[in-house]
Every structure is written in C-alpha cells, then in structure tokens.
Amino acid sequence: MTKQLITSALPYVNGLPHLGHLIGCHLPADVYARYLRQKGEEVLFIDGTDEHGTPSEVGAAKEGMDVEAYCKKYHDLHVKMYEGFNLSFDYFGRTSSEQNKEMTYRIFHALDKNGLIEERTTNQVYSPDDDRYLPDSYVMGTCPHCGYDKAKGDQCENCTKVLDPVDLINPRSVLSGSTNIEIRPTKHLFLQLPKLEAELEKWIETKKGIWPDIAYTVAKKWLKEGLKERGITRDLKWGFAVPKEGFENKVFYVWFDAPIGYIGITKQWADEDPANRNWEDWWLNASDVRHTEFMGKDNIPYHTISFPATLRGTGETWTEVSFLKGMNYLNFAGGKFSKSAHRGVFLDQALEEFPADYWRYWLIANAPESDDTSFSFEQFAATINKDLNDVLGNFINRVLKMTVANFGEVVPACGEITEAETELYALLDDTIKTYYNHMDGLEFRKAMADLREILVAGNNYLAKTEPWKAAKADLNRAGTILYTALNLIRLYARLIAPIMPATAERMNKVLNIETNPVWVPSKMAEELKTLTSGHHINQSEPLFQKILPERVEELRQKYKETE
RNA sequence: CGCGGGGUAGAGCAGUCCGGUAGCUUGCCAGGCUCAUAACCUGGAGGUCGUGAGGUUCAAAUCCCACCCCCGCAACCA
C-alpha cells in the first residue's frame, strides 16, 4: 500500500509566524494529513524550522544572544504555537540538527563526486563595520536608473529594475548604515543546474495537468529561461561548515540545506525509535511513497527545480515530490501581513482571541488557492457566526434539546423510514462523494463548500420533518427523526474531524462515542443507523459562541485593520 | 514589449481548458416555522463578467487582438 509522506515548507525560525504562514502551508498540510489518516492510510507528516542564514545571525545579534540559543528560543515558540493550532506533525524538527548535517554532507559529497559542483570566484559586498559579508538585499543606496535613494542591492523597489549592488550610488549597509563598503572577491561552490536541465524538463513535463497550474507554470518558466548554475555556499558563520579544502570558513547556503531538512528531520524522527522507524523507507529507493508538498507560491522554484536537481544529481533514487500544492498569499485587510512590521494577526494572538478551530475553519474555507485572499475580522465573524454557530452549532443544540425533552439522554428507537429519510440519504451520498473527490484533489475551498451543503442538509431535514410537531402527534415518528438527526451529528463529527479536530472531539463526547477512529463513510442508509437506540448520550452547552459586532470593532482597532 | 497568477451582484468566490438562458456563500428585502444560540426553512431584488460602440461566430465571462489595474516572481532575503 502506498505510504503518504506529507511535508510543509519549513518556516524560517526568525520571528513569529502569522495567519498567512499558517494557511500558506502548515494548515492545509495538517488537514490533508488528518484526512488521510482517517481513511486509514499510513502517513508521515514532517515539518520543522529552517534556521541557517543571515537573518538568524542578525536577529541573534539584535537580541544580544548567541545564534544557537536564539534559534532554540524561536524554534520552541514555533512549536508552542503549532501545538496550539493542533497541527499533527509526526515530527517537527530543525534544519540545524546533526541528522540534517549528516544528510547535507552525504548529498553534497555525492554531487561533488558526480562532477556537479564547481568553484567560482565572485565579488561580494563586505562591510568591515558589520564584520560580515552582506547579501545583495542588505545593501541600500541610490538607484542609478531612477535616483530612488532607498534602492536595494538586488532590485530597486521604485523602478523595479534588477540591480547589482555595485551599481548603487552611495551604497550603505542596511544593518548598520555604514557607508564603509568594500567589494571583495570570494570563492564559492556552484551547483551545475544546466547539466541536469534536460532531465528535469522531462520530469516536469510529466506533471502537466496533474500539479496545480501555478506549480507547473513556475517550473516551466525557469526551464524555459534556461537554468543557471547556483551558488550553494556563503560567507557566514551560522550554518554547516563546507567539508571541502579551501572552504573551511564558509557554510552551505540556507536554501541548499533547508529542503534537505525534510530528510534530515525524518531521520530525527527515526532516531527516536530506531527499532521501528527507518528514514530510508520514506526517502531512498522508496517506490511506494507518495510525497505531497505544501508551500507558499514563493517557494515553488526551489521545490520544483533546485531541490529535485539536488536529489537527482546524487545519482541515487530519492523520493521526489509527487504532488505539489502551491498556495497564494493571505493578505491582511487590503494590505499585507508583515513579520518585520509586526502587522497582522500572529499565531499567539490569534489563539488568545478565539479557539483554534474557529481559525482553522475560516482559513481552510477561504484558503488562497487560486488567488491572493484578504483576511478581515468582519468576514471572519460572519463566517464563524453563520457556518459554525447557526448552521452546525444550532443544529446540534436543537436536536439534543428535543431528544432530551422527549426521550431523555438516550438515542430513541428507529421506526419506519420514510421518503424524507431516503431523500436525505441520496443527497448526502452524492454530496459526500463530491466532498471526497475535492479533498483527494486538495481543492480545499470546494471541499468546504460541499461540507457546508452537508451541514445545511441537517437543518433542511428538520424543517421538512418537523419533529416538534411529531412529538405531539406521533412520538414514534419523532423518535425516528431524532434518531436520524443524532446519527447525522455523528456523521458531522467524523467529517469535520480533519478540519476542526477539537470540535469533533467535543461532539464525540456528547454522543458518547470513540474519537478519531479510522473511518470511511458507507452508504447513508447504513451510516445513519450506526448509533443504535438506547445508546446513552450527554447534554451539552452550545459548541460555539457568536462574535458580536462590538467585538469585531474592538478587534479591528486592536489589530489596526484598515479599510 | 521580462515571466506567471488575478480582475464576475455591496463583500467573498465558482464558472473560462471544451463558446449555448451568469451560478454559490454572505449581506439586504419579504414570507414560513416556533424545536433551537433572534437561530432554522423558502422566495425575491441586486451583475454592461477590468476596458475597447475591437475581432471571430448564428451565439463570447469563455476563443483572438490591444490596453489598464492588483499580486507574486525575476536565481545572494528566506
């Protein structure tokens, strides 16, 4: 049976993640992982913090910390927040781990042996006052084309022209503002992507019509322009030292060892239980593995070109991406979420305001799949109030209240099945099939629309059968309706579990049934007869609370939502 | 002329590949119901489908051309 490897783009450790990061990859990956586990598939869901590179060094210096302690601090904060959102990683590791170092070296040596690594001397900006080489975007100056005085070394934001740092007039360090800037020649190692181009092209071509358009087209675009050799080392201290003579003072570029981190982190996972886990089962000559990757659109080139090239260049058979889910961006009320400006809603704040499931539901239902999407508290409140409170929460509440009032805390007997029930069965059989198709295709918004239709069907059923009237005229009939409705609640708890695990658990407690079992719905004519009459159920407070207009206004002010 | 994605009721989206009465959710209005969290169910109004008195066609949101706007990318931020 196929094993399901799921990876979510590794979040950069520097700073704290916001809602955009959550929906950009981690949350859809989690929903998919939970969905597959529920279907009984063998799943390994891997993620972790990406830790090397200039921003970590600079961030640590800013906080007056040792870079390793700094990374550990932020790694732990990431873990805490993802736990708060119930992300079900099998392992959440770190790219700075020993295991990843081992993996990085192994892959590097193989590439080197195959003649795919070449040495080049490049001119790099060095800032004596910062005591470091500066990446292009850490150099600022006046644009030679338009005169904009805050142009960055890689590109002028004003006239959008691509620049080289040496083009800048009056260059200065973004970090210290120092104008004491030198250009120093420095040796680096380059991965020879052009040698792998033909092979990659052939491979990408097989993904046409299978991967989402955005993933395929981005990959094609890079190939069309022709691949260029790519530097995989940097003049930094924080990173894996390059194991090659003459490069002792350099480290691997973060984008070289970060994707290898998927493998390194899998080894971290395996090392915790070596008797039962083996990383190679998932990554090396593992023909029975289907690998699904989740990431923001900015990550696509690395996951379609440089990382696959890195793996192929070793000459070994590594697990490649089978399906790539690229997401667009979630914006904040017309603007953007920003880590540096701390604009938007960050994950720790989000959890202080509302339960994780509120966010999970809204984000998945509004996932930026085909285009960038905006978050606003007003939209958020409207969706939560309608879908969760009114449609789902109220349905559960009215069914429970009616049951307890007429039959006590037990599932009533099921009498004769009428047309109302068979119609309900038919509708649900149909919609659930569509729902599963959309989930299998990782089309989350569409799946959520199906789910909503399924939830509405419950209220519709009650409107048609009017159990409150039947309770006065024909108690047997009322019992049959509530029996069916209670079974609907069970069905709902199962269906929403991948999206709202905590809510599903609460529903299961009310129904006094097992939580998170392996489950695939059978035909409704059987599925809606699973809870049998006489089964004890519990009473419950409403599952959700409405977000009132005053609260929305308060949140808008607090988070400085514009527009 | 760098590349890609997007522009469809007030808001959020589907439909575009493969042309055939423009659809869904929310919001608004009306009715029904009264078990339930002022909730639920039904019906209605609301759109020159970015622009072009463009092209092809019996027929264009859909195909072709030109232009405008938004977003992302452009290989040393990650």
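We name chains A, B, ... by the order of the sequence lines, and we start the count at 1 in each one.
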With a non-hydrogen cut-off below 4.0 angstrom, is [X] in contact with a base, only sugar-phosphate, or nothing?
X	value
A/G15	nothing
A/K228	base
A/P55	sugar-phosphate
A/L227	base
A/D390	sugar-phosphate
A/D50	sugar-phosphate
A/E229	nothing
A/Y133	nothing

- Could you say whether A/N397 or A/T186 is positioned toward the 5' end of RNA chain B, judged by the nucleotide with the nearest heavy atom to each?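 That would be A/N397.
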- Query: Which sits closer to the 5' end of RNA chain B, A/V456 or A/R398, going by the nucleotide each is nearest to?
  - Reply: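 Here A/R398 is the residue nearer the 5' end.
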For [X] and [Y], test the side chains for any donor-to-acceptor distance below 3.5 angstrom and give the result as yes or no.
X	Y	value
A/K250	A/T186	yes
A/E57	A/T54	no
A/Y12	A/S56	yes

In whole Å, what is the span from the [atom1] atom of [X] to the [atom2] atom of [N]?
X	N	atom1	atom2	result
A/R556	B/A11	CZ	C1'	13 Å
A/L455	B/C24	CG	P	19 Å
A/I481	B/A36	CD1	C1'	15 Å
A/N389	B/A36	CG	C1'	13 Å
A/L363	B/G12	CG	P	17 Å
A/F544	B/C40	CZ	P	14 Å
A/W255	B/A74	CH2	C1'	16 Å
A/R477	B/C35	CZ	P	18 Å

Sequence-distant partners of [X], salt bridge (charged side-chain N to carboxylate O under 4.0 Å, His left out), two or more places apart:
X	result
A/D450	none
A/E205	A/K220
A/E378	none
A/E453	none

Using the [atom1] atom on both, measure [N] against [M] and round to a whole Å.
N	M	atom1	result
B/U57	B/A75	P	45 Å
B/U56	B/C64	P	15 Å
B/A22	B/G46	P	14 Å
B/G10	B/G50	P	13 Å
B/U62	B/G19	P	12 Å
B/U8	B/C13	C1'	9 Å
B/C65	B/G55	C1'	7 Å
B/U21	B/C33	P	37 Å

Just N and O in the side chain of [X]: are any of them under 4.0 Å from OP1 or OP2 of [N]?
X	N	answer
A/T373	B/C13	yes
A/N460	B/U42	yes
A/K446	B/C13	no
A/R230	B/A75	no
A/N394	B/C40	no
A/Y253	B/A78	yes

- Query: Taking 4.0 angstrom as the limit, do A/K195 and A/E229 come out as a salt bridge?
  - Reply: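 The answer is no: the pair does not qualify as a salt bridge.
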Where the side chain of [X] is concerned, which of [options] is the nearest nucleotide?
X	options	result
A/R445	B/C41, B/G12, B/U37	B/G12
A/Q124	B/C73, B/C76, B/A75	B/C76
A/T122	B/C77, B/C76, B/U37	B/C76

Which nucleotide, if any, forms a Watson-Crick or G-U wobble pair with [N], using both distances under 3.5 Å?
N	result
B/G31	B/C41
B/G4	B/C71
B/A14	none

- For A/D430, enumerate each residue passing the side-chain contact (heavy atoms from CB on, under 4.5 Å) test, keeping only those at least two apart in sequence or located in another chain.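 In terms of side-chain contact (heavy atoms from CB on, under 4.5 Å), with neighbours along the sequence ignored, A/D430 is linked to no residue.
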- For the rings on A/Y262 and A/H303, is their centre-to-centre separation under 6.0 Å?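 Judged by ring-centre distance (under 6.0 Å), A/Y262 and A/H303 do meet the cut-off.
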- Message: Before we go on, tell me: are the rings of A/H52 and A/F240 under 6.0 Å apart, centre to centre?
- Response: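 Aromatic pair counts; centres sit under 6.0 Å.
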- Examine the base of B/A78 for any acceptor or donor lying under 3.5 Å from a partner atom in the side chain of A/Y302, and report the outcome as yes or no.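 Per atom types, the contact qualifies.
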- What one-letter contact string describes nucleotides 25-34 of chain B from 5' to 3', where B marks a base within less than 4.0 Å of any protein heavy atom, S marks contact via sugar-phosphate atoms alone, and - marks no contact? SS------SS
